[in-house]
Amino acid sequence: MNVNLMKTMEKTRFTGLMCAVLAAGLLAAESVPAAGEQAPAPVWRTDVMSVRVEKAPLIGLVPGGTARSVRLTGLSREQIFDFGVRADDVVSGASVDLAFQASASVLPRVSQVNVYLNGELQRSTTLGEDMIGKPALITVPLNVKAIRSQNRITVEFIGHVRSVCENPADESLWLDVSQASRLVLEKSRIRLANDITRLPAPFIDTASGAAARLPFVFASAPSSRMKEAAAVLASSAGRRTAWRGADFPVYYNALPGPEHFVVFATNADRPTFLKDLPPVAGPQVSVMDAPGALAEKMLVIAGRDEDDILTAVKALVREGNVMIGDVFRPGKLAETPPREPYDAPNWLPVGKTVQLSALMEYQGQFSSRGYRMPPVTVPVRLAPDLYMTSDANLTLSVKYRSTKPMAGEAAQFRVYLNGSLIDSDPMAATEGRGERTIALPGFYGALADNPAGALALQQENQLSFAVEYERTAEGGSPENCKSVMPLTHQMEIEPSSTIRLEGLWHEARLPDLRLFLRTGYPFTKWADLSHTVVLIAEKAGANEVSTMLNAVARMSAVTGAVADRVRVTSTASDPLVAERDVLAIGPLPTRMSDINPERALELQGSVGDAIRLGKDDAHVFRPPEAGVIGEAISAVVALENPRSGGHSVVALLSEGPASSLELNAQLANPASLRNVTGSVAVMTPSSVSSWAVGERYTVGDLPWYHKVWRRISRHPGWLVVCALASALVIGLAAFVFMRRWVGGREK
């Protein structure tokens with residue numbers, strides 16, 4: 001080999017080695033934290049994107065999400081906080097900013113606050129004198145290696161107010177967790193594999209309590225058949241997100257922002273960014289990387305035509321599918337039988353004995369433990385149109401097990417309904433189990449008319465069980481101290497406990513937007529929406545299609561069922577409009593120069609005229625070109641279907657893009673619009689007004705004799721007349737009978 005060439009190679013190696021050493025030194029110098037700073041946790045993954053910081057109020061992470069404050073005492077020493085992490089997120093840093101105030105009576109240096117993550121102690125902090133009797137703040141780093149998809153933070157207060165003869169029930173022994181407390185997470189989005197077995201993640205992730213946002217992309221304004229497929233998929237997502245809420249923005253031949261999304265494509269009609277997708281031979285569902293994205297995915301629903309698209313969606317949302325890899329090609333799909341009325345999975349059926357295990361939402365729900373045990377809470381949801389008469393029977397048969405009371409002490413088993421005590425039962429000192437049959441408080445009349453604060457069943461209920469123990473804490477003197485260490489207790493509600501409702505009927509006075517906006521009624525009477533047709537223009541705008549998806553998802557969140565039998569049409573003359581309840585979506589049919597009851601009645605009449613006259617497609621709700629109120633508005637209008645008595649029409653109307661976006665945001669949040677009543681509601685960005693206008697009608701199966709009695713009972717004068725008439729008829733009949741009987745004896 002040439003000597004000069006060998007020397008050149010040696011120089012090159014040396015230069016490369018020196019460059020590597022210098023680069024390593026520079027990286028090491030950059031990685032050394034400045035004085036007083038903490039070195040960041042190393043992240044060794046190569047698929048991790050940029051870091052973002054998320055802060056969540058700690059009080060909002062209390063299970064149930066309804067806590068306003070947290071107080072820890074000598075008997076209630078712990079409080080848990082739950083949080084979740086999405087499947088496509090990795091946590092590189094976590095900490096708890098715990099703001100609190102301890103009682104001025106708490107002793108410093110012997111009192112402490114402990115923070116646990118998933119049962120693992122993170123830090124034990126001794127309370128110094130500067131933390132007693134005034135606001136204090138400590139920051140507790142969390143071990144990110146212990147973080148999972150579902151996590152639990154436990155804050156424990158071990159406090160003392162006396163050095164000897166301390167009473168753990170002392171009222172001066174407390175620590176309040178402030179609302180300023182925060183959970184701080186440093187997250188990075190990661191690039192997941194195109195694995196269809198992960199579904200519904202990452203498109204729908206229920207690990208956290210945040211609302212879901214899932215854009216739907218179409219090549220152009222979708223056909224009615226394509227809208228049906230989109231509605232079925234949105235309903236499945238709404239069922240999974242439940243109380244969290246879900247929003248489905250719609251795009252035509254455009255990519256959403258950096259987020260996961262769903263795209264619908266046929267061989268002949270697909271978005272431009274899917275032009276290179278090979279033609280498919282049948283229904284197909286696949287997970288792909290979003291174009292130009294670092295971590296975002298797209299769920300591609302593909303088919304030869306719209307019928308294939310609908311088949312693919314129905315196969316995807318059906319439970320029991322076995323999907324492997326990145327592509328799912330369903331075979332021939334057998335049609336599921338239609339659901340029966342009022343058989344929504346989330347509603348307690350009437351006339352059937354239901355075990356509490358059927359109402360369980362998560363493992364461990366029926367257990368409670370601690371020095372002072374929190375109640376075991378079970379949700380009980382009823383059909384919104386129930387009507388109760390005097391012969392109804394609402395029975396709860398509960399079985400429970402609990403630790404036995406200490407000798408000489410007492411314990412009591414208590415049952416609460418929506419926070420109000422409905423029954424209590426003393427526990428025998430020698431028994432650790434019990435059984436109790438309780439008559440639940442009824443509502444009498446229509447369930448919807450029951451006041452929210454009344455001690456009675458409502459449409460949404462919280463049934464709670466608790467055991468309270470008597471505790472004796474003996475005192476004494478420093479020379480002769482007598483104290484008792486309280487023992488932790490445990491309670492179990494037997495899953496075989498039952499609840500039964502019988503003798504209830506169904507009746508509702510409509511139109512009533514309160515029923516629709518809270519429960520989706522009357523459409524949700526059939527949880528699969530088999531008696532619902534959506535009336536929306538064939539060339540509807542993206543915001544109008546989004547309104548349809550948000551409304552259907554909101555209904556499935558209430559029922560817990562997939563709306564796989566909903567139909568969509570663009571023509572008001574379609575026979576389905578006369579045969580079913582109608583959910584109409586479109587622009588306001590009249591321009592509103594002001595908002596008042598007269599204009600509300602006019603708006604209701606315009607919707608009824610459009611459906612009765614059978615206008616087609618975009619002409620269903622076409623607003624006239626006239627002056628418009630200065631503020632963008634939207635409206636919800638309810639009325640009886642003018643083409644068939646006993647069926648309903650609910651119209652979701654908006655004036656333009658701005659008002660349509662506001663309406664969609666309201667529908668995406670299950671907690672919004674719940675206080676709206678009447679038959680017409682008009683919404684602006686700053687207010688919601690509603691009126692009860694138009695004619696009312698009744699639906700249901702209440703027997704005629706109950707209807708007669710209800711009408712008579714509302715008028716005391718008629719009761720007196722009926723009583724006198726009854727007495728007269730009975731007296732006359734007795735007189736005639738006696739005359740004939742006496743006459744027969746004389747003969």
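Because the structure is a prediction, the values reported are computed rather than measured. The chain is numbered in sequence order, starting from 1.
- Listed for the Ser660 side chain is no donor-acceptor partner under 3.5 Å among the backbone atoms of Gly656.
- When all heavy atoms of His260 and Pro215 are compared, the pair lying nearest together is O-CD, 3.2 Å.
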- prompt: How far apart are the C-alpha atoms of Leu348 and Leu359, what are their side-chain angles, what is the distance that settles it, and do they pass the side-chain contact (heavy atoms from CB on, under 4.5 Å) test?
  reply: CA-CA 9 Å; Leu348 195 68; Leu359 308 179; 4.3 Å; yes

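- In summary, Asp89 and Arg52 engage in a salt bridge, as defined by a charged side-chain N under 4.0 Å from a carboxylate O.
- For the pair Phe83/Leu183, a side-chain contact is recorded, criterion being any heavy-atom separation below 4.5 Å from C-beta on.
- Applying the salt bridge (charged side-chain N to carboxylate O under 4.0 Å, His left out) rule to Arg225 yields the partners Glu228, Asp307; only residues at least two apart in sequence or on another chain are considered.
- Between Leu583 and Leu652 there is a side-chain heavy-atom pair separated by less than 4.5 Å.
- Contact detail for Arg270 and Ala219: the closest heavy-atom pair is C-CB, 3.4 Å.
- Note: Asn461 CG to Thr377 OG1 = 12.5 Å, rounded to the nearest 0.5 Å.
- Closest approach of Ile59 to Gln179, counting heavy atoms only: CG1-CA, 3.9 Å.
- Checked by atom type and distance alone, the side chain of Asp581 pairs as donor or acceptor with a backbone atom of Ser648 at under 3.5 Å.
- Between Asp88 and Arg189 there is a salt bridge, since a side-chain N of the basic residue sits under 4.0 Å from a carboxylate O of the acidic one.
- Shown here is Glu361, whose CD atom has more than 12 heavy atoms of other residues, nucleotides or ligands within 6.0 Å.
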task: Would you please test Thr547 and Asn664 for side chain to side chain donor-acceptor pair (under 3.5 Å) and show each step?
output: CA-CA 5 Å; Thr547 300; Asn664 289 338; 2.5 Å; yes

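- The closest side-chain heavy-atom distance from Ile309 to Met226 is below 4.5 Å.
- Remark: side-chain polar atoms of Ser679 are paired, donor with acceptor, to backbone N or O of Val693 under 3.5 angstrom.
- Taking both residues in full, the closest heavy atoms of Met555 and Thr524 are given as CB-CG2, 3.7 Å, listed atom of the first, atom of the second, then distance.
- Checking side-chain atoms of Ser546 against main-chain N and O of Ala542 turns up no donor-acceptor pair under 3.5 Å.
- With sequence neighbours excluded, no residue forms a side-chain hydrogen bond (donor to acceptor under 3.5 Å, both in side chains) with Ser69.
- Applying the salt bridge (charged side-chain N to carboxylate O under 4.0 Å, His left out) criterion to Glu340, with sequence neighbours excluded, gives no partner residue.
- Side-chain contact between Met548 and Lys227: present, with at least one pair of heavy atoms (C-beta onward) separated by less than 4.5 Å.
- A donor-acceptor contact under 3.5 angstrom links the side chains of Thr684 and Ser687, judged on distance only.
- The OH atom of Tyr697 lies 11.0 Å from the CZ atom of Arg509; values are rounded to the nearest 0.5 Å.
- The backbone N or O of Pro587 lies less than 3.5 Å from no partner atom in the side chain of Ser654, so there is not a single donor-acceptor pair.
- Side-chain N or O atoms of Arg86 include none that pairs as donor or acceptor with a backbone N or O of Ser208 at under 3.5 Å.
- In summary, Glu319 and Arg239 engage in a salt bridge, as defined by a charged side-chain N under 4.0 Å from a carboxylate O.
- Considering all non-hydrogen atoms of both residues, Asn669 and Arg554 come closest at O-NH1, 3.1 Å.
- No hydrogens or angles considered: nothing links the side chains of Asp701 and His506 as a donor-acceptor pair under 3.5 Å.
- To the nearest 0.5 angstrom, Leu535 atom CG is 8.5 Å from Asp574 atom CG.
- Using cut-offs of 30° and 60° for the angle between ring planes, the Trp347 and Tyr342 rings count as tilted.
- Within the 4.5 Å cutoff, the side chain of Leu58 has heavy atoms near those of the Leu61 side chain.
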- request: Take Thr272 and Asn253 through the test side chain to side chain donor-acceptor pair (under 3.5 Å) and record every step on the way to the result.
  value: CA-CA 6 Å; Thr272 304; Asn253 197 29; 3.1 Å; yes

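- Remark: side-chain polar atoms of Asn641 are not paired, donor with acceptor, to backbone N or O of Val649 under 3.5 angstrom.
- Residues Met683 and Ile633 form no side-chain contact, since every pair of their non-hydrogen atoms from C-beta on lies 4.5 Å or further apart.
- Taken from CG in Leu386 to CG in Leu501, the straight-line distance is 7.5 Å, to the nearest 0.5 Å.
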message: Pair Ser224, Glu538 - check side chain to side chain donor-acceptor pair (under 3.5 Å), show working.
response: CA-CA 7 Å; Ser224 295; Glu538 185 76 15; 3.3 Å; yes

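- Counting all heavy atoms, side chain and backbone alike, Ala508 lies closest to Leu515 at CB-CD1, 4.1 Å.
- For the pair Glu259 and Lys297, the salt-bridge criterion is not met [side-chain N within less than 4.0 Å of a carboxylate O].
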task: Go through the steps to decide whether Arg381 and Glu460 satisfy the test salt bridge (Lys or Arg N to Asp or Glu O under 4.0 Å), and finish with yes or no.
output: CA-CA 5 Å; Arg381 304 178 182 92; Glu460 296 180 352; 5.2 Å; no

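- In this structure, the separation between CD on Gln458 and CG on Leu447 is 8.0 Å, given to the nearest 0.5 Å.
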message: Apply side-chain contact (heavy atoms from CB on, under 4.5 Å) to residues Val300 and Phe264 and explain how you reach the verdict.
response: CA-CA 6 Å; Val300 182; Phe264 297 85; over 6 Å; no

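- The ring pair (Phe, Tyr, Trp, His ring centres under 6.0 Å) with Phe216 is formed by just one residue from the set Tyr251, Tyr252, Phe248; it is Phe248.
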message: Applying side-chain contact (heavy atoms from CB on, under 4.5 Å) to Val262 and Leu214, what does each step give before you reach the verdict?
response: CA-CA 7 Å; Val262 178; Leu214 183 60; 3.8 Å; yes

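- Rounding to the nearest 0.5 Å gives a distance of 5.5 Å between CD1 of Ile301 and CG of Leu316.
- Inter-residue side-chain proximity for Phe523 and Phe516 is flagged as met; some heavy-atom pair is nearer than 4.5 Å.
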task: Using the side chain to side chain donor-acceptor pair (under 3.5 Å) rule, take Asp528 and Ser530 through it: C-alpha gap first, then chi angles, then the decisive distance, then the call.
output: CA-CA 5 Å; Asp528 57 1; Ser530 58; 3.0 Å; yes

field: Verdict with supporting geometry, Thr698 and Leu510, side-chain contact (heavy atoms from CB on, under 4.5 Å)
entry: CA-CA 6 Å; Thr698 302; Leu510 301 176; over 6 Å; no

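- Checking side-chain atoms of Ser690 against main-chain N and O of Ala681 turns up no donor-acceptor pair under 3.5 Å.
- Between Val650 and Val582, the closest side-chain pair of non-hydrogen atoms is not below 4.5 Å.
- Between the side chain of Asp343 and the backbone N or O of Arg339, no donor-acceptor pair lies under 3.5 Å.
- No donor-acceptor distance shorter than 3.5 angstrom exists from the side chain of Arg580 to the backbone of Val566, with no hydrogens or angles considered.
- In this structure, a donor-acceptor pair under 3.5 Å is absent between the side chains of Asp512 and Tyr521.
- With a 6.0 Å radius and a threshold of 12 heavy atoms from other residues, nucleotides or ligands, Tyr444 has its OH atom at or below the threshold.
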